[in-house]
Participant: 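The structure that follows is given in the form of structure tokens.
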Amino acid sequence: MTSQEKRKQELKKKKIVLAIWSVFIVVAIVGVILFIKNYGKLKKASDDKESKIYELNKNSDINFLIKRYLGALTGCDQETLKNLVTDPSQFDNMTIYISRSNNVTGYSNIDCYTVDGMTDDSKLVFVVGNVSLKDVESKPKDIMVFYVVNVDGKYLINNEVDTKIQNHIEKMTVQKDIQEIYKMVKEDEDKCYEEDETLRKFYERINGTN
């Protein structure tokens with residue numbers, strides 16, 4: 001092979017390599033353009049997938065209300081309880097709450113999962129916290145439900161019997177996101193029950209099986 005033929009062959013190889021790189025660069029550029037063009041859609045799809053029907057500890061006023069209420073409930077603070085609900089007459093007779101406080105002594109690590117209520121000035125609140133029980137070592141998670149309304153700029157717990165509110169609570173409770181919260185609480189309770197003999201004895205006592 002002459003030197004001229006060698007140069008032609010090398011030049012041909014360089015052209016092939018250059019053509020391959022050109023195609024690669026074009027494909028890469030097209031990929032970047034498509035990614036940028038569809039980034040908003042991809043991000044929205046990702047956000048929609050991760051979004052929940054509830055907001056966690058979003059409203060500090062509601063969190064404060066719930067913590068005050070649970071503190072007053074375990075402390076049998078009649079005056080505070082009456083100031084935190086729409087129907088104060090519920091606490092005219094404190095006998096049942098005094099009896100309850102002999103078993104439930106406190107709540108900690110309180111989280112409020114708020115869901116839209118039936119009106120703009122109301123919220124449905126699923127409250128999760130660790131409950132302290134008399135003579136029990138562990139503090140299993142517990143879940144409670146409250147319907148909170150804004151009355152003249154002040155949040156109160158609606159403790160009145162209302163069929164529409166009850167129907168709304170039932171409708172929201174069966175939603176997947178809320179069921180996941182209940183599952184989390186149940187798993188924690190089961191774990192505590194399995195590992196803590198004092199909790200098992202507590203359940204036996206209150207259920208009248210011991």
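The residues of the chain are indexed from 1 along the displayed sequence.
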Participant: Do side-chain atoms of Asp177 reach the backbone of Ile53 as a donor and acceptor pair under 3.5 angstrom?
Facilitator: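 Yes, the answer is positive, given that a donor and an acceptor are paired below the 3.5 Å cut-off.
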Participant: I'd like to know whether Lys191 forms a salt bridge (charged side-chain N to carboxylate O under 4.0 Å, His left out) with Glu195, so could you lay out the CA-CA distance, the side-chain angles of the two residues, the decisive distance to 0.1 Å, and finally the verdict.
Facilitator: CA-CA 6 Å; Lys191 183 175 182 293; Glu195 298 176 353; 3.3 Å; yes
Participant: Which heavy atom in Ser138 sits nearest to a heavy atom in Cys192, and how many Å separate them?
Facilitator: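 What the structure gives for the nearest pair is OG-CB, 3.9 Å.
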Participant: Between Leu56 and Asp111, is there a side-chain heavy-atom distance shorter than 4.5 Å?
Facilitator: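 They are in contact (side-chain heavy atoms under 4.5 Å apart), so the answer is yes.
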Participant: Of the non-hydrogen atoms in Leu70 and Ile110, which two are nearest, and what is the gap between them?
Facilitator: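 Scanning both residues, the minimum pair turns out to be CD1-CD1, 3.8 Å.
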Participant: Quick check on Glu137: does its CD atom have over 12 non-hydrogen neighbours (other residues, nucleotides or ligands) under 6.0 Å away?
Facilitator: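 Counting neighbours around CD of Glu137, 12 or fewer heavy atoms of other residues, nucleotides or ligands fall under 6.0 Å, so no.
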Participant: Indicate whether any N or O donor in one side chain lies under 3.5 Å from an N or O acceptor in the other, for Arg68 and Asn83.
Facilitator: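 Their side chains do not contain a donor-acceptor pair, so the 3.5 Å distance test is not met.
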Participant: Once you round to the nearest 0.5 Å, how far does CD1 of Ile165 lie from OG of Ser122?
Facilitator: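 Output value for this atom pair is 7.5 Å.
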Participant: Nearest 0.5 Å, what's the CD-CD1 distance between Glu55 and Ile62?
Facilitator: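 Answer for the CD-CD1 pair, Glu55 versus Ile62, is 9.0 Å.
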Participant: Could you check whether atom CD of Glu170 has more than 12 heavy atoms from other residues, nucleotides or ligands sitting under 6.0 Å from it?
Facilitator: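 Correct, the count exceeds 12.
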Participant: Answer with yes or no whether the hydrophobic clustering places Met144 together with Ile178; edges join I, L, V, M, F, W, Y residues whose side-chain heavy atoms lie under 4.5 Å apart.
Facilitator: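 Unlinked, Met144 and Ile178 end up in two clusters.
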Participant: Please name the pair of heavy atoms, one in Gln175 and one in Lys171, separated by the smallest distance, quoted to 0.1 Å.
Facilitator: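 Residues Gln175 and Lys171, closest heavy atoms: NE2-O, 3.2 Å.
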Participant: Counting only N and O atoms by type, is there a donor-acceptor contact under 3.5 Å from the side chain of Thr105 to the main-chain atoms of Ser132?
Facilitator: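 At least one qualifying donor-acceptor pair exists.
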Participant: Is it true that Glu160 and Tyr147 share a donor-acceptor pair across their side chains at a distance under 3.5 Å?
Facilitator: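 Distance-only check fails for Tyr147 and Glu160.
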Participant: After noting the C-alpha distance and the side-chain angles of Asp135 and Thr198, does the key distance pass the side chain to side chain donor-acceptor pair (under 3.5 Å) rule?
Facilitator: CA-CA 7 Å; Asp135 299 326; Thr198 62; over 6 Å; no
Participant: Let me see the working for Ile181 and Met184 under side chain to side chain contact (heavy atoms under 4.5 Å, CB included), right down to the final yes or no.
Facilitator: CA-CA 5 Å; Ile181 301 173; Met184 172 191 68; 4.2 Å; yes
Participant: Output yes when Lys201 and Glu197 qualify as a salt bridge under the 4.0 Å nitrogen-oxygen rule, no when they do not.
Facilitator: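 Between Glu197 and Lys201 there is a salt bridge, with a charged N closer than 4.0 Å to a carboxylate O.
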Participant: Backbone N or O of Lys139 within a donor-acceptor pair of the Asn130 side chain at under 3.5 Å?
Facilitator: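 Flag set: sc Asn130 to bb Lys139 pair under 3.5 Å.
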Participant: Between NZ of Lys154 and CG of Asn150, what distance do you get to the nearest 0.5 Å?
Facilitator: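 If we round to the nearest 0.5 Å, Lys154:NZ and Asn150:CG are 11.0 Å apart.
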Participant: For Leu199 versus Glu189, what's the shortest heavy-atom pair and its separation?
Facilitator: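 Closest approach of Leu199 to Glu189, heavy atoms only: CD2-O, 4.4 Å.
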Participant: Salt bridge or not for Asp92 and Lys82, using N-O below 4.0 Å?
Facilitator: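 Salt bridge present between Asp92 and Lys82.
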Participant: Just how far is it from atom CG of Asn167 to atom CE of Met118, taken to the nearest 0.5 Å?
Facilitator: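 Answer for the CG-CE pair, Asn167 versus Met118, is 8.5 Å.
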Participant: Ring pair (Phe, Tyr, Trp, His ring centres under 6.0 Å) between Phe126 and Tyr113: does it pass, once the steps are laid out?
Facilitator: CA-CA 5 Å; Phe126 294 86; Tyr113 299 79; 8.2 Å; no
Participant: Surrounding NZ of Lys141 (heavy atoms of other residues, nucleotides or ligands, distance under 6.0 Å), is the total greater than 12?
Facilitator: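 Atom NZ in Lys141 is crowded, with more than 12 foreign heavy atoms closer than 6.0 Å.
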Participant: Can you label the angle between the Phe91 ring and the Tyr69 ring as parallel, tilted or perpendicular, going by 30° and 60°?
Facilitator: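 Perpendicular.
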Participant: Take Arg200 and Asp196 through the test salt bridge (charged side-chain N to carboxylate O under 4.0 Å, His left out) and record every step on the way to the result.
Facilitator: CA-CA 7 Å; Arg200 294 195 295 273; Asp196 186 1; over 6 Å; no
Participant: Please determine whether the number of non-hydrogen atoms from other residues, nucleotides or ligands lying under 6.0 Å from atom CG of Asn102 exceeds 12.
Facilitator: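 Atom CG in Asn102 is packed in, count exceeds 12.
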Participant: To the closest 0.5 Å, what do you measure between CD1 (Ile157) and CG (Leu84)?
Facilitator: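 Spacing of CD1 (Ile157) from CG (Leu84) equals 6.5 Å.
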Participant: Taking all atoms of both residues into account, what is the closest heavy-atom pair of Gln78 and Met94, and its distance?
Facilitator: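 It is NE2-CG, 3.6 Å.
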Participant: Under the side chain to side chain donor-acceptor pair (under 3.5 Å) rule, what do Tyr97 and Gln90 come out as? Steps first, then yes or no, please.
Facilitator: CA-CA 11 Å; Tyr97 304 105; Gln90 176 186 345; 2.9 Å; yes
Participant: Ile206, Leu73: one ILVMFWY side-chain cluster at the under-4.5 Å cut-off?
Facilitator: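 Same cluster: Ile206 reaches Leu73 through Ile, Leu, Val, Met, Phe, Trp or Tyr contacts under 4.5 Å.
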Participant: Can you tell me if Asn159 uses its side chain to pair, donor with acceptor, with the backbone of Val85 under 3.5 Å?
Facilitator: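 Not a single qualifying donor-acceptor pair exists.
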Participant: Closer than 3.5 angstrom, by distance alone: can the side chain of Thr80 be matched with the main-chain N or O of Asp77 as a donor-acceptor pair?
Facilitator: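 Not at all, since once roles are kept as given, no pair shorter than 3.5 Å links the two residues.
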Participant: If the threshold is 4.0 Å, N to carboxylate O, is there a salt bridge linking Lys52 and Glu180?
Facilitator: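 Yes.
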Participant: If only atom types and distance count, is the side chain of Arg100 paired as donor or acceptor with the main-chain N or O of Thr74 below 3.5 Å?
Facilitator: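 It does not hold such a pair.
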Participant: Linking I/L/V/M/F/W/Y whenever any side-chain heavy atoms sit under 4.5 Å apart, do Val127 and Val115 land together?
Facilitator: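 No; tracing contacts between hydrophobic side chains, which count when under 4.5 Å, never links both residues.
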Participant: Can you check side chain to side chain contact (heavy atoms under 4.5 Å, CB included) on Val131 and Val104, steps first, answer last?
Facilitator: CA-CA 7 Å; Val131 58; Val104 182; 3.7 Å; yes
Participant: Answer yes or no: is there a donor N or O on one side and an acceptor on the other, between the side chain of His168 and the main chain of Asp116, under 3.5 Å?
Facilitator: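 Flag set: sc His168 to bb Asp116 pair under 3.5 Å.
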Participant: For the pair Tyr107 and Asp142, evaluate side chain to side chain contact (heavy atoms under 4.5 Å, CB included) and give the outcome as yes or no after the intermediate values.
Facilitator: CA-CA 9 Å; Tyr107 291 92; Asp142 188 21; 3.9 Å; yes
Participant: Is Ser99 reaching over with its side chain to a backbone N or O of Thr95, donor-acceptor style, under 3.5 angstrom?
Facilitator: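 No, because the side chain of Ser99 does not come within donor-acceptor range (under 3.5 Å) of the backbone of Thr95.
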Participant: Looking only at side chains, do Thr114 and Tyr54 share a donor and an acceptor under 3.5 Å apart?
Facilitator: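 No pair is found: no donor N or O on one side chain lies under 3.5 Å from an acceptor on the other.
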Participant: Are Leu81 and Phe64 connected, step by step, through hydrophobic side chains (Ile, Leu, Val, Met, Phe, Trp, Tyr) whose heavy atoms are closer than 4.5 Å?
Facilitator: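 They do not share one cluster, since no chain of ILVMFWY contacts under 4.5 Å joins Leu81 to Phe64.
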Participant: Check the hydrophobic clustering (I, L, V, M, F, W, Y; side-chain heavy atoms under 4.5 Å; chains of links allowed) and say if Ile66 and Leu124 are grouped together.
Facilitator: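 Each belongs to a different hydrophobic cluster.
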